[in-house]
Amino acid sequence: MVDLKQREVWFVTGSQQLYGPAALKQVAANSSQVAQALNDATGIPVRVVFQPVVKSPEEATAMCQQANVAPNCLGLITWCHTFSPSKMWINGLKQLRKPLAHLHTQFNRDLPWSTIDMDFMNLNQAAHGDREHGFILSRLRLSRKVIVGHWQERGVQAQLGTWSRAAAAWHDWQGAKFARFGDNMREVAVTEGDKVSAQLQFGYSVNGFGVGDLVQRVKAVTDKEIDQLVAAYEAEYSLAPKLRKGGVLRQSLREAARIEVGLRAILRDGDFKGWTDTFEDLHGLVQLPGIAAQRLMADGFGFGAEGDWKTCALVRALKVMAAGLKGGTSFMEDYTYHLNPKRSLVLGSHMLEICPSIAKGKPSVQVHPLGIGGKAAPVRLVFDTPPGPAVNVSLVHMGNRYRMILNEVDVVAPEKPLPKLPVARAVWIPKPNLAIGAAAWLYAGGAHHTAFSQAVTTEMIEDFAAMAGLELVVIDADTKIRQLKQELSWNEVAYGLRGGFVT
Ligand code: MN
(Lines give C-alpha, C1' and ligand atoms only; values in the text may rest on other atoms or scores of the structure.)
Protein backbone atom coordinates (compact mmCIF):
# COMPACT_ATOMS: atom_id res chain seq x y z
CA MET A 1 0.00 0.00 0.00
CA VAL A 2 3.06 2.27 -0.03
CA ASP A 3 4.45 2.98 -3.51
CA LEU A 4 7.22 5.58 -3.42
CA LYS A 5 7.43 5.75 -7.21
CA GLN A 6 4.16 7.69 -7.11
CA ARG A 7 5.97 10.46 -5.24
CA GLU A 8 8.41 13.03 -6.54
CA VAL A 9 11.00 15.53 -5.37
CA TRP A 10 11.71 18.63 -7.41
CA PHE A 11 15.20 19.43 -8.56
CA VAL A 12 15.59 23.21 -8.44
CA THR A 13 18.69 25.01 -9.69
CA GLY A 14 19.41 28.56 -8.61
CA SER A 15 21.05 31.08 -10.94
CA GLN A 16 20.48 34.68 -12.11
CA GLN A 17 20.08 36.69 -15.32
CA LEU A 18 23.60 38.16 -15.15
CA TYR A 19 25.18 35.25 -17.03
CA GLY A 20 23.35 35.80 -20.32
CA PRO A 21 21.27 33.36 -22.38
CA ALA A 22 24.07 31.11 -23.61
CA ALA A 23 25.44 30.37 -20.14
CA LEU A 24 21.91 29.95 -18.72
CA LYS A 25 21.09 27.49 -21.46
CA GLN A 26 24.13 25.48 -20.43
CA VAL A 27 23.11 25.71 -16.77
CA ALA A 28 19.69 24.30 -17.64
CA ALA A 29 21.17 21.50 -19.74
CA ASN A 30 23.65 20.53 -17.03
CA SER A 31 20.99 20.66 -14.31
CA SER A 32 18.62 18.56 -16.32
CA GLN A 33 21.36 15.96 -16.75
CA VAL A 34 21.97 15.89 -12.99
CA ALA A 35 18.24 15.58 -12.26
CA GLN A 36 17.92 12.74 -14.78
CA ALA A 37 20.84 10.86 -13.22
CA LEU A 38 19.31 11.21 -9.76
CA ASN A 39 15.95 10.09 -11.12
CA ASP A 40 17.63 6.96 -12.53
CA ALA A 41 19.71 6.29 -9.39
CA THR A 42 18.73 3.02 -7.71
CA GLY A 43 19.42 4.55 -4.29
CA ILE A 44 16.65 7.14 -4.71
CA PRO A 45 13.20 5.52 -4.46
CA VAL A 46 11.13 8.50 -5.67
CA ARG A 47 11.03 10.35 -8.98
CA VAL A 48 13.36 13.34 -9.32
CA VAL A 49 11.71 16.00 -11.48
CA PHE A 50 13.77 18.71 -13.16
CA GLN A 51 12.33 22.23 -12.80
CA PRO A 52 13.16 25.36 -14.81
CA VAL A 53 16.22 27.22 -13.49
CA VAL A 54 15.34 29.93 -10.96
CA LYS A 55 16.73 33.32 -12.06
CA SER A 56 14.56 35.91 -10.31
CA PRO A 57 12.63 36.56 -7.07
CA GLU A 58 9.34 35.96 -8.91
CA GLU A 59 10.51 32.57 -10.16
CA ALA A 60 11.80 31.54 -6.72
CA THR A 61 8.49 32.50 -5.08
CA ALA A 62 6.41 30.75 -7.73
CA MET A 63 8.51 27.59 -7.41
CA CYS A 64 8.01 27.38 -3.64
CA GLN A 65 4.29 28.13 -3.91
CA GLN A 66 3.80 25.45 -6.57
CA ALA A 67 5.73 22.91 -4.51
CA ASN A 68 3.46 23.59 -1.54
CA VAL A 69 0.32 22.65 -3.44
CA ALA A 70 1.62 19.91 -5.74
CA PRO A 71 0.00 16.77 -4.23
CA ASN A 72 2.81 14.34 -5.07
CA CYS A 73 5.72 16.70 -4.38
CA LEU A 74 7.57 15.64 -1.23
CA GLY A 75 10.05 18.51 -1.18
CA LEU A 76 12.79 20.41 -2.99
CA ILE A 77 16.39 19.60 -3.80
CA THR A 78 18.13 22.93 -4.36
CA TRP A 79 21.54 23.51 -5.93
CA CYS A 80 23.24 26.71 -7.06
CA HIS A 81 25.20 25.64 -10.12
CA THR A 82 26.09 29.33 -10.53
CA PHE A 83 25.74 32.23 -8.15
CA SER A 84 22.11 32.95 -7.20
CA PRO A 85 21.85 36.09 -5.05
CA SER A 86 19.94 34.88 -2.04
CA LYS A 87 17.72 37.84 -1.30
CA MET A 88 15.73 36.72 -4.33
CA TRP A 89 14.90 33.49 -2.45
CA ILE A 90 13.57 35.09 0.74
CA ASN A 91 9.90 35.45 -0.17
CA GLY A 92 9.72 31.99 -1.67
CA LEU A 93 11.55 30.17 1.12
CA LYS A 94 9.49 31.99 3.75
CA GLN A 95 6.42 30.36 2.24
CA LEU A 96 7.91 26.93 1.59
CA ARG A 97 6.12 24.33 3.68
CA LYS A 98 7.85 21.23 2.35
CA PRO A 99 11.24 19.71 3.26
CA LEU A 100 14.37 20.95 1.55
CA ALA A 101 17.65 19.19 0.76
CA HIS A 102 20.53 21.44 -0.19
CA LEU A 103 22.70 19.45 -2.60
CA HIS A 104 26.17 20.95 -2.62
CA THR A 105 27.62 19.47 -5.76
CA GLN A 106 29.38 20.58 -8.93
CA PHE A 107 28.63 19.57 -12.50
CA ASN A 108 32.26 18.72 -13.29
CA ARG A 109 33.75 16.40 -10.75
CA ASP A 110 37.39 17.21 -11.51
CA LEU A 111 39.15 20.46 -12.20
CA PRO A 112 40.46 20.41 -15.79
CA TRP A 113 43.85 21.57 -14.59
CA SER A 114 45.47 22.15 -17.99
CA THR A 115 42.49 23.76 -19.71
CA ILE A 116 40.63 25.57 -16.97
CA ASP A 117 39.61 29.09 -18.02
CA MET A 118 37.02 31.71 -17.05
CA ASP A 119 34.24 29.91 -18.96
CA PHE A 120 34.73 26.87 -16.71
CA MET A 121 34.85 29.12 -13.66
CA ASN A 122 31.56 30.79 -14.67
CA LEU A 123 29.77 27.47 -14.96
CA ASN A 124 31.11 25.68 -11.89
CA GLN A 125 30.38 28.08 -9.09
CA ALA A 126 28.62 25.99 -6.46
CA ALA A 127 31.61 26.40 -4.16
CA HIS A 128 30.58 30.01 -3.66
CA GLY A 129 27.03 29.99 -5.09
CA ASP A 130 25.88 27.40 -2.55
CA ARG A 131 27.50 29.35 0.27
CA GLU A 132 25.26 32.30 -0.55
CA HIS A 133 22.31 29.85 -0.65
CA GLY A 134 23.35 28.23 2.64
CA PHE A 135 23.51 31.64 4.27
CA ILE A 136 19.93 32.56 3.46
CA LEU A 137 18.69 29.13 4.59
CA SER A 138 20.49 29.66 7.89
CA ARG A 139 19.35 33.28 8.11
CA LEU A 140 15.77 32.05 7.75
CA ARG A 141 16.41 29.30 10.35
CA LEU A 142 15.16 26.87 7.73
CA SER A 143 15.57 23.24 8.73
CA ARG A 144 17.15 21.28 5.88
CA LYS A 145 19.58 18.51 5.01
CA VAL A 146 22.93 19.48 3.49
CA ILE A 147 24.53 16.86 1.22
CA VAL A 148 28.04 17.40 -0.13
CA GLY A 149 29.79 15.55 -2.96
CA HIS A 150 29.67 14.79 -6.66
CA TRP A 151 26.18 13.91 -7.91
CA GLN A 152 27.33 10.66 -9.52
CA GLU A 153 28.71 9.31 -6.24
CA ARG A 154 26.61 6.50 -4.81
CA GLY A 155 27.05 7.86 -1.29
CA VAL A 156 25.62 11.23 -2.30
CA GLN A 157 22.69 9.57 -4.05
CA ALA A 158 22.13 7.37 -1.00
CA GLN A 159 21.87 10.42 1.25
CA LEU A 160 19.29 11.91 -1.10
CA GLY A 161 17.47 8.56 -1.06
CA THR A 162 17.44 8.58 2.73
CA TRP A 163 16.14 12.14 2.83
CA SER A 164 13.44 11.34 0.27
CA ARG A 165 12.28 8.35 2.36
CA ALA A 166 11.97 10.61 5.40
CA ALA A 167 10.16 13.20 3.27
CA ALA A 168 7.78 10.51 2.00
CA ALA A 169 6.90 9.54 5.58
CA TRP A 170 6.43 13.19 6.50
CA HIS A 171 4.21 13.73 3.46
CA ASP A 172 2.23 10.61 4.36
CA TRP A 173 1.47 12.00 7.83
CA GLN A 174 -0.07 15.19 6.45
CA GLY A 175 -3.80 14.62 6.60
CA ALA A 176 -3.38 10.99 7.71
CA LYS A 177 -6.14 9.53 9.86
CA PHE A 178 -5.65 7.06 12.69
CA ALA A 179 -8.56 5.28 14.37
CA ARG A 180 -8.72 4.28 18.02
CA PHE A 181 -10.98 1.59 19.39
CA GLY A 182 -11.03 2.19 23.11
CA ASP A 183 -8.93 4.62 25.12
CA ASN A 184 -5.42 4.19 26.49
CA MET A 185 -4.84 1.40 28.97
CA ARG A 186 -5.98 2.75 32.32
CA GLU A 187 -3.39 4.63 34.42
CA VAL A 188 -0.62 4.31 31.82
CA ALA A 189 1.29 7.58 31.40
CA VAL A 190 3.63 7.17 28.46
CA THR A 191 0.95 6.23 25.93
CA GLU A 192 -0.88 9.48 26.66
CA GLY A 193 -0.16 12.70 24.79
CA ASP A 194 -1.75 15.79 23.36
CA LYS A 195 -3.66 14.90 20.19
CA VAL A 196 -4.28 18.52 19.29
CA SER A 197 -0.61 19.45 19.48
CA ALA A 198 0.22 16.25 17.58
CA GLN A 199 -2.09 17.32 14.77
CA LEU A 200 -0.64 20.84 14.77
CA GLN A 201 2.94 19.59 14.64
CA PHE A 202 2.66 16.35 12.70
CA GLY A 203 -0.38 16.85 10.46
CA TYR A 204 -2.24 13.64 11.34
CA SER A 205 -5.49 13.29 13.23
CA VAL A 206 -6.41 10.69 15.82
CA ASN A 207 -10.06 9.98 16.58
CA GLY A 208 -11.87 7.46 18.71
CA PHE A 209 -14.56 5.05 17.52
CA GLY A 210 -16.85 2.81 19.55
CA VAL A 211 -15.73 -0.78 19.75
CA GLY A 212 -19.42 -1.48 19.06
CA ASP A 213 -18.98 -0.11 15.54
CA LEU A 214 -16.15 -2.57 15.01
CA VAL A 215 -18.19 -5.42 16.48
CA GLN A 216 -21.10 -4.64 14.18
CA ARG A 217 -18.84 -4.71 11.12
CA VAL A 218 -17.20 -7.95 12.31
CA LYS A 219 -20.61 -9.57 12.75
CA ALA A 220 -21.56 -8.64 9.18
CA VAL A 221 -18.65 -10.67 7.75
CA THR A 222 -19.90 -13.58 5.64
CA ASP A 223 -18.88 -17.24 5.85
CA LYS A 224 -17.52 -16.99 2.33
CA GLU A 225 -15.20 -14.12 3.29
CA ILE A 226 -14.01 -16.16 6.26
CA ASP A 227 -13.42 -19.23 4.07
CA GLN A 228 -11.28 -17.19 1.70
CA LEU A 229 -9.14 -15.67 4.44
CA VAL A 230 -8.69 -18.99 6.23
CA ALA A 231 -7.49 -20.44 2.90
CA ALA A 232 -4.94 -17.60 2.72
CA TYR A 233 -3.75 -18.42 6.26
CA GLU A 234 -3.33 -22.05 5.21
CA ALA A 235 -1.33 -21.06 2.14
CA GLU A 236 0.99 -18.59 3.89
CA TYR A 237 1.67 -20.11 7.30
CA SER A 238 2.00 -23.45 9.04
CA LEU A 239 -1.06 -24.03 11.18
CA ALA A 240 -0.93 -25.69 14.60
CA PRO A 241 -2.74 -29.07 14.41
CA LYS A 242 -5.67 -27.89 16.54
CA LEU A 243 -6.33 -25.07 14.05
CA ARG A 244 -6.31 -27.26 10.96
CA LYS A 245 -9.46 -28.46 9.28
CA GLY A 246 -11.28 -30.73 11.72
CA GLY A 247 -9.09 -29.55 14.61
CA VAL A 248 -10.72 -28.82 17.98
CA LEU A 249 -9.90 -25.10 17.82
CA ARG A 250 -10.73 -24.56 14.16
CA GLN A 251 -13.54 -22.21 15.22
CA SER A 252 -10.99 -19.88 16.91
CA LEU A 253 -9.20 -19.52 13.61
CA ARG A 254 -12.45 -18.70 11.83
CA GLU A 255 -13.26 -16.12 14.50
CA ALA A 256 -9.81 -14.53 14.07
CA ALA A 257 -10.39 -14.36 10.32
CA ARG A 258 -13.80 -12.77 10.90
CA ILE A 259 -12.14 -10.04 13.00
CA GLU A 260 -9.52 -9.43 10.32
CA VAL A 261 -12.09 -9.06 7.53
CA GLY A 262 -14.14 -6.64 9.64
CA LEU A 263 -11.14 -4.56 10.64
CA ARG A 264 -9.89 -4.30 7.08
CA ALA A 265 -13.32 -3.12 5.96
CA ILE A 266 -13.47 -0.40 8.61
CA LEU A 267 -9.94 0.82 7.88
CA ARG A 268 -10.57 0.81 4.14
CA ASP A 269 -13.92 2.59 4.35
CA GLY A 270 -12.56 5.25 6.71
CA ASP A 271 -9.29 5.67 4.76
CA PHE A 272 -7.29 5.08 7.94
CA LYS A 273 -3.53 4.54 7.90
CA GLY A 274 -3.42 2.81 11.27
CA TRP A 275 -5.39 1.91 14.36
CA THR A 276 -5.16 1.11 18.04
CA ASP A 277 -7.11 -1.12 20.37
CA THR A 278 -6.98 -1.99 24.04
CA PHE A 279 -7.59 -5.28 25.80
CA GLU A 280 -9.57 -3.36 28.43
CA ASP A 281 -12.28 -2.43 25.97
CA LEU A 282 -13.26 -5.28 23.69
CA HIS A 283 -16.96 -5.61 24.51
CA GLY A 284 -18.55 -7.84 21.92
CA LEU A 285 -15.30 -9.03 20.33
CA VAL A 286 -14.70 -12.70 21.00
CA GLN A 287 -10.88 -12.41 20.91
CA LEU A 288 -8.33 -9.63 21.12
CA PRO A 289 -7.22 -9.05 17.50
CA GLY A 290 -3.92 -10.92 17.11
CA ILE A 291 -3.24 -12.26 13.65
CA ALA A 292 -5.39 -9.43 12.25
CA ALA A 293 -3.15 -6.76 13.82
CA GLN A 294 -0.07 -8.63 12.62
CA ARG A 295 -1.20 -8.98 9.02
CA LEU A 296 -2.51 -5.44 8.78
CA MET A 297 0.90 -4.18 9.88
CA ALA A 298 2.52 -6.32 7.21
CA ASP A 299 0.34 -4.49 4.69
CA GLY A 300 1.63 -1.11 5.89
CA PHE A 301 -0.92 -0.07 8.52
CA GLY A 302 0.33 1.52 11.72
CA PHE A 303 -0.62 -0.21 14.96
CA GLY A 304 -0.42 0.63 18.65
CA ALA A 305 -1.60 -1.62 21.46
CA GLU A 306 -3.23 -0.32 24.66
CA GLY A 307 -4.45 2.78 22.83
CA ASP A 308 -0.93 3.89 21.98
CA TRP A 309 -1.70 6.20 19.05
CA LYS A 310 1.74 7.87 19.06
CA THR A 311 3.50 4.56 18.41
CA CYS A 312 0.79 3.62 15.89
CA ALA A 313 1.53 6.73 13.82
CA LEU A 314 5.25 6.14 14.23
CA VAL A 315 5.00 2.53 13.00
CA ARG A 316 3.17 3.85 9.94
CA ALA A 317 5.89 6.48 9.32
CA LEU A 318 8.63 3.86 9.52
CA LYS A 319 6.65 1.58 7.18
CA VAL A 320 6.64 4.37 4.59
CA MET A 321 10.36 5.08 5.03
CA ALA A 322 11.14 1.39 4.65
CA ALA A 323 9.00 0.77 1.55
CA GLY A 324 10.80 -1.53 -0.87
CA LEU A 325 13.82 -2.09 1.39
CA LYS A 326 15.02 -5.41 2.74
CA GLY A 327 14.04 -5.97 6.38
CA GLY A 328 10.76 -5.51 8.22
CA THR A 329 9.19 -2.97 10.55
CA SER A 330 6.95 -3.67 13.53
CA PHE A 331 5.27 -2.41 16.65
CA MET A 332 7.50 -3.65 19.47
CA GLU A 333 7.87 -3.71 23.22
CA ASP A 334 10.92 -4.18 25.42
CA TYR A 335 9.51 -7.19 27.20
CA THR A 336 12.04 -9.03 29.31
CA TYR A 337 15.82 -9.27 29.92
CA HIS A 338 18.68 -11.73 29.90
CA LEU A 339 20.95 -10.03 32.43
CA ASN A 340 23.99 -12.18 32.01
CA PRO A 341 26.89 -9.72 32.56
CA LYS A 342 28.89 -11.39 29.79
CA ARG A 343 26.20 -10.70 27.20
CA SER A 344 23.05 -8.92 28.32
CA LEU A 345 20.09 -9.14 25.97
CA VAL A 346 16.59 -7.76 25.53
CA LEU A 347 13.77 -10.02 24.47
CA GLY A 348 11.35 -7.85 22.52
CA SER A 349 7.80 -8.96 21.91
CA HIS A 350 4.19 -8.14 22.65
CA MET A 351 1.18 -10.08 23.83
CA LEU A 352 0.36 -10.76 20.17
CA GLU A 353 0.90 -7.88 17.82
CA ILE A 354 4.30 -8.23 16.15
CA CYS A 355 4.48 -7.73 12.38
CA PRO A 356 5.42 -10.80 10.31
CA SER A 357 7.50 -8.55 8.01
CA ILE A 358 10.30 -9.18 10.56
CA ALA A 359 9.81 -12.96 10.57
CA LYS A 360 12.67 -15.32 9.92
CA GLY A 361 11.12 -18.10 7.84
CA LYS A 362 7.49 -19.12 7.72
CA PRO A 363 5.46 -18.04 10.77
CA SER A 364 3.33 -20.60 12.53
CA VAL A 365 -0.28 -19.90 13.48
CA GLN A 366 -1.03 -20.78 17.09
CA VAL A 367 -3.73 -20.20 19.67
CA HIS A 368 -3.06 -19.78 23.38
CA PRO A 369 -4.85 -18.18 26.31
CA LEU A 370 -3.74 -14.60 27.04
CA GLY A 371 -3.83 -14.40 30.83
CA ILE A 372 -5.32 -10.89 30.80
CA GLY A 373 -8.37 -9.35 29.19
CA GLY A 374 -10.81 -12.16 29.98
CA LYS A 375 -11.45 -13.04 26.34
CA ALA A 376 -11.23 -16.28 24.35
CA ALA A 377 -7.72 -17.44 23.46
CA PRO A 378 -6.55 -15.33 20.54
CA VAL A 379 -4.94 -16.64 17.35
CA ARG A 380 -1.48 -15.24 16.57
CA LEU A 381 1.54 -15.73 14.31
CA VAL A 382 4.66 -16.96 16.11
CA PHE A 383 8.20 -16.49 14.74
CA ASP A 384 11.77 -15.38 15.44
CA THR A 385 13.52 -12.38 13.90
CA PRO A 386 16.68 -12.69 11.78
CA PRO A 387 19.96 -11.29 13.18
CA GLY A 388 21.28 -7.93 12.04
CA PRO A 389 21.21 -4.21 12.81
CA ALA A 390 17.93 -2.55 13.76
CA VAL A 391 16.55 0.56 15.41
CA ASN A 392 13.99 1.07 18.15
CA VAL A 393 12.24 4.43 17.99
CA SER A 394 9.95 6.01 20.56
CA LEU A 395 7.93 9.21 20.65
CA VAL A 396 6.96 10.65 24.03
CA HIS A 397 5.22 13.82 25.13
CA MET A 398 7.24 15.90 27.58
CA GLY A 399 4.50 18.37 28.51
CA ASN A 400 5.88 21.23 26.40
CA ARG A 401 6.98 19.18 23.37
CA TYR A 402 7.32 15.79 21.78
CA ARG A 403 10.67 14.01 22.08
CA MET A 404 11.87 11.23 19.82
CA ILE A 405 14.34 8.65 21.14
CA LEU A 406 16.24 6.17 18.99
CA ASN A 407 18.38 3.26 20.09
CA GLU A 408 20.51 1.36 17.60
CA VAL A 409 20.47 -2.36 18.41
CA ASP A 410 21.90 -5.59 17.04
CA VAL A 411 19.39 -8.39 16.69
CA VAL A 412 20.95 -11.74 17.61
CA ALA A 413 19.74 -15.32 17.45
CA PRO A 414 18.08 -16.52 20.66
CA GLU A 415 20.70 -18.41 22.68
CA LYS A 416 18.36 -21.39 22.87
CA PRO A 417 15.01 -22.30 21.28
CA LEU A 418 11.92 -20.87 23.02
CA PRO A 419 9.46 -23.75 22.54
CA LYS A 420 7.02 -22.57 25.19
CA LEU A 421 6.91 -18.86 24.32
CA PRO A 422 3.68 -18.44 22.33
CA VAL A 423 4.47 -15.03 20.79
CA ALA A 424 6.59 -13.59 17.99
CA ARG A 425 9.83 -12.12 19.29
CA ALA A 426 13.16 -10.50 18.56
CA VAL A 427 16.28 -10.72 20.74
CA TRP A 428 18.75 -7.85 20.62
CA ILE A 429 21.73 -6.15 22.22
CA PRO A 430 21.18 -2.41 22.60
CA LYS A 431 24.11 -0.18 21.63
CA PRO A 432 26.53 0.47 23.15
CA ASN A 433 25.46 -2.31 25.56
CA LEU A 434 22.40 -3.05 27.65
CA ALA A 435 23.66 -1.22 30.76
CA ILE A 436 24.37 2.07 28.99
CA GLY A 437 21.68 1.75 26.33
CA ALA A 438 18.90 1.07 28.82
CA ALA A 439 20.14 3.73 31.26
CA ALA A 440 20.21 6.31 28.44
CA TRP A 441 16.71 5.24 27.37
CA LEU A 442 15.41 5.65 30.92
CA TYR A 443 17.06 9.05 31.38
CA ALA A 444 15.48 10.20 28.12
CA GLY A 445 12.06 8.86 29.14
CA GLY A 446 11.68 6.50 26.18
CA ALA A 447 8.56 4.30 26.21
CA HIS A 448 8.31 0.52 26.52
CA HIS A 449 6.49 0.54 23.17
CA THR A 450 8.55 1.33 20.09
CA ALA A 451 8.57 1.22 16.33
CA PHE A 452 11.22 -1.37 15.51
CA SER A 453 12.82 -1.70 12.09
CA GLN A 454 15.52 -3.67 10.34
CA ALA A 455 15.20 -1.43 7.27
CA VAL A 456 15.02 2.10 8.65
CA THR A 457 18.34 3.78 9.52
CA THR A 458 19.32 6.36 12.11
CA GLU A 459 19.92 8.84 9.30
CA MET A 460 16.33 8.46 8.05
CA ILE A 461 15.02 9.17 11.54
CA GLU A 462 17.38 12.11 11.90
CA ASP A 463 16.07 13.60 8.66
CA PHE A 464 12.48 12.88 9.66
CA ALA A 465 12.91 14.48 13.10
CA ALA A 466 14.35 17.59 11.46
CA MET A 467 11.33 17.83 9.13
CA ALA A 468 8.97 17.41 12.08
CA GLY A 469 10.84 19.92 14.25
CA LEU A 470 11.36 17.18 16.82
CA GLU A 471 13.96 16.84 19.54
CA LEU A 472 15.84 13.62 18.77
CA VAL A 473 17.94 11.71 21.28
CA VAL A 474 20.12 9.10 19.56
CA ILE A 475 21.54 6.26 21.65
CA ASP A 476 24.28 4.48 19.68
CA ALA A 477 27.78 3.01 19.95
CA ASP A 478 29.18 6.43 20.97
CA THR A 479 26.68 7.16 23.75
CA LYS A 480 28.15 8.14 27.10
CA ILE A 481 25.78 8.69 30.00
CA ARG A 482 27.41 11.85 31.33
CA GLN A 483 27.25 13.47 27.92
CA LEU A 484 23.68 12.28 27.35
CA LYS A 485 22.52 13.79 30.63
CA GLN A 486 24.06 17.10 29.59
CA GLU A 487 22.38 16.88 26.17
CA LEU A 488 19.02 16.34 27.84
CA SER A 489 19.43 19.34 30.11
CA TRP A 490 20.60 21.58 27.24
CA ASN A 491 17.63 20.42 25.17
CA GLU A 492 15.36 21.33 28.06
CA VAL A 493 16.56 24.92 27.76
CA ALA A 494 16.66 25.04 23.95
CA TYR A 495 13.14 23.65 23.57
CA GLY A 496 11.91 25.50 26.64
CA LEU A 497 12.92 28.79 25.04
CA ARG A 498 10.86 27.85 21.99
CA GLY A 499 7.80 26.35 23.57
CA GLY A 500 7.83 27.25 27.27
CA PHE A 501 9.13 25.41 30.29
CA VAL A 502 7.36 22.71 32.26
CA THR A 503 7.99 22.13 35.93
MN1 MN B 1 2.09 -3.08 25.51
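Whatever order the structure lists them in is the order used to number ligands and atoms, beginning at 1. These numbers come from a predicted model, not from an experiment.
- Look at Arg425 and Glu333 and you find no salt bridge, because none of the NZ, NE, NH1 or NH2 atoms lies under 4.0 Å from a carboxylate O.
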- Task: Decide side chain to side chain donor-acceptor pair (under 3.5 Å) for Thr457 and Glu459; before the verdict, give the C-alpha distance in whole Å, the side-chain angles of both, and the deciding distance to 0.1 Å.
- Result: CA-CA 5 Å; Thr457 61; Glu459 190 185 340; 5.4 Å; no

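- Remark: Glu234 engages Arg250 in a salt bridge, criterion side-chain N to carboxylate O under 4.0 Å.
- Ordered by chain and number, Glu306 OE1, Glu333 OE1, His350 NE2, His449 NE2 make up the set of protein N, O or S atoms under 2.8 Å of the Mn ion (ligand 1).
- Of the candidates Phe209, Tyr204, Trp309, Phe178, Phe272 forms a ring-ring contact (aromatic ring centres under 6.0 Å, His included) with just one, namely Phe209.
- Tested against Asp172, the residues Arg316, Arg165, Arg7 include a single salt bridge (charged side-chain N to carboxylate O under 4.0 Å, His left out) partner, Arg316.
- Residues passing the salt bridge (charged side-chain N to carboxylate O under 4.0 Å, His left out) test with Lys431, sequence neighbours excluded: Glu408.
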